Amino acid sequence: MDQRLVQIAILVDDYDQAIHFYTRKLQFDLTEDSYISETKRWVVVTPKGSACSILLAKAANEEQKSRVGNQTGGRVFLFLHTNDFANYYDLLVKGGVNIIRQPSKEVYGTVAVFEDLYGNLWDLIEPTDSQGPSL
């Protein structure tokens, strides 16, 4: 039996602001933006070359709103691999993305921590040749 993760949801408070951040600042592709109702949309962004996409889910009630930006209790939430760390990191800095931890060389590769529009923490990683799937 084969399985694969194809999509995750991130709670957001505004569809258009989230689309702008993920497509302009992170350079993800907007792969779907469909209206389900007057207030609900199906908005999907995908990192370039990724098989897994992100559903930008607008928080619909107070409990969900309380989780926007803190879906993991302050831990790193997502791990974004790149094959060109220096250029992508530079793109983040020039785009005004908040860098939480500056780049460092680790056994598994080069890594930095940044936060998204809402404060969710991401690891940006360029794996060493022996770590993780190749890009």
Side-chain angles (χ1 to χ4, degrees):
M1 171 181 10
D2 290 336
Q3 296 175 318
R4 60 190 170 109
L5 185 63
V6 296
Q7 195 167 74
I8 61 163
I10 292 180
L11 290 167
V12 302
D13 64 8
D14 182 273
Y15 290 119
D16 293 322
Q17 288 176 356
I19 289 169
H20 182 268
F21 179 84
Y22 284 98
T23 62
R24 301 277 172 96
K25 304 267 184 181
L26 301 187
Q27 299 292 307
F28 291 3
D29 293 324
L30 177 62
T31 47
E32 187 170 354
D33 186 1
S34 303
Y35 284 80
I36 296 171
S37 70
E38 287 184 26
T39 58
K40 187 172 183 178
R41 290 156 65 181
W42 187 262
V43 178
V44 179
V45 294
T46 307
K48 296 192 184 315
S50 180
C52 186
S53 59
I54 299 170
L55 173 69
L56 302 176
K58 186 173 180 182
N61 58 43
E62 289 307 312
E63 183 176 358
Q64 290 176 10
K65 288 176 184 177
S66 75
R67 303 299 196 282
V68 171
N70 191 22
Q71 293 186 180
T72 60
R75 291 190 56 105
V76 169
F77 179 36
L78 299 160
F79 299 81
L80 182 64
H81 282 201
T82 181
N83 62 354
D84 191 353
F85 185 94
N87 282 327
Y88 195 76
Y89 180 81
D90 189 50
L91 180 134
L92 296 179
V93 170
K94 286 180 179 173
V97 174
N98 191 23
I99 304 300
I100 301 300
R101 193 176 86 211
Q102 296 298 313
S104 63
K105 297 276 187 183
E106 304 296 337
V107 173
Y108 54 87
T110 304
V111 62
V113 179
F114 69 92
E115 66 180 6
D116 67 16
L117 173 65
Y118 300 104
N120 293 304
L121 298 180
W122 292 65
D123 267 2
L124 173 64
I125 302 170
E126 183 171 357
T128 58
D129 291 337
S130 62
Q131 300 295 317
S134 61
L135 296 174

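Being a predicted model, the structure only gives us computed values, none of them experimental. Just so it is clear, the values below take in all heavy atoms, side chains as well, and ignore hydrogens, waters and symmetry mates.
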Under the side-chain contact (heavy atoms from CB on, under 4.5 Å) rule, what do Leu30 and Phe28 come out as? Steps first, then yes or no, please. CA-CA 7 Å; Leu30 177 62; Phe28 291 3; over 6 Å; no
For salt bridge (charged side-chain N to carboxylate O under 4.0 Å, His left out), just list the numbers for Lys58 and Asp16, CA-CA rounded to whole Å, side-chain angles, deciding distance to a tenth of an Å, and then say yes or no. CA-CA 10 Å; Lys58 186 173 180 182; Asp16 293 322; over 6 Å; no
side-chain contact (heavy atoms from CB on, under 4.5 Å) evaluation trace for Cys52 with Leu5: CA-CA 6 Å; Cys52 186; Leu5 185 63; 4.1 Å; yes
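When every heavy atom of Leu56 is checked against every heavy atom of Ala18, the shortest pair comes out as CD1-CB, 3.8 Å. Closest approach of Asp33 to Arg41, counting heavy atoms only: OD2-NH2, 2.8 Å. Contact record, Ile125 with Phe85: C-CD1, 4.5 Å, taken as the closest heavy-atom pair. Closest heavy-atom contact between Glu115 and Val97: O-CG1, 3.6 Å.
Side-chain contact of Gln102 with Ser104: a donor-acceptor pair under 3.5 Å is absent, judged by distance alone. Between the side chains of Asn87 and Asp90, not a single donor N or O lies within less than 3.5 Å of an accepting N or O. Side-chain contact of Thr46 with Thr31: a donor-acceptor pair under 3.5 Å is present, judged by distance alone. A donor-acceptor contact under 3.5 angstrom links the side chains of Tyr22 and Asp116, judged on distance only. Counted by atom type alone, Thr110 and Glu126 present zero donor-acceptor pairs between their side chains at under 3.5 Å.
No side-chain heavy atom of Gln17 sits under 4.5 Å from any side-chain heavy atom of Val12. Trp122 has its side chain out of reach of Val76: every pair of non-hydrogen atoms, C-beta onward, lies at least 4.5 Å apart. Counting heavy atoms from C-beta on, the side chains of Lys65 and Asp13 never come closer than 4.5 Å. Between Val43 and Ile19 there is a side-chain heavy-atom pair separated by less than 4.5 Å. Two residues are said to be in side-chain contact when any heavy atoms from C-beta on lie closer than 4.5 Å; Phe77 and Leu121 fail this criterion. Between Pro127 and Tyr108 there is no side-chain heavy-atom pair separated by less than 4.5 Å. Looking at Leu55 and Ile8, their side chains never come closer than 4.5 Å, going by heavy atoms from C-beta outward. Here the side chains of Arg101 and Ile99 are not in contact, with every heavy-atom distance at 4.5 Å or above.
Between the CG atom in Asp14 and the CG atom in Leu117 there is a gap of 8.5 Å [rounded to 0.5 Å]. If you take CG on Leu26 and NE2 on His20, they are separated by 11.0 Å, rounding to the nearest 0.5 Å. Leu92 contributes atom CG, which lies 6.0 Å from atom CG of Leu124 (distance to the nearest 0.5 angstrom). To the nearest 0.5 Å, atom CG of residue Leu11 and atom OG of residue Ser66 are 9.0 Å apart. Distance CD1/Ile54 to CD1/Ile10: 4.0 Å, rounded to 0.5 Å.
When the side chains of ILVMFWY residues are joined at heavy-atom separations under 4.5 Å, either directly or via intervening members, Val45 and Leu80 end up in a single hydrophobic cluster. Residues Leu91 and Leu78 share a hydrophobic cluster, clusters being chains of Ile/Leu/Val/Met/Phe/Trp/Tyr side chains in contact below 4.5 Å. Cluster annotation: Ile36 is connected to Val44 through the hydrophobic network of ILVMFWY side chains, with a link wherever side-chain heavy atoms come within less than 4.5 Å.
Side chain of Gln71 to backbone of Val68: no donor-acceptor contact under 3.5 angstrom is found. Between the Tyr88 side chain and the His81 main chain, no donor and acceptor come within less than 3.5 Å of each other. Tyr118 places no side-chain N or O within donor-acceptor distance of the main-chain N or O of Asn70, the cut-off being under 3.5 Å.
In this structure, Lys48 places its NZ atom where more than 12 heavy-atom neighbours from other residues, nucleotides or ligands lie under 6.0 Å away.
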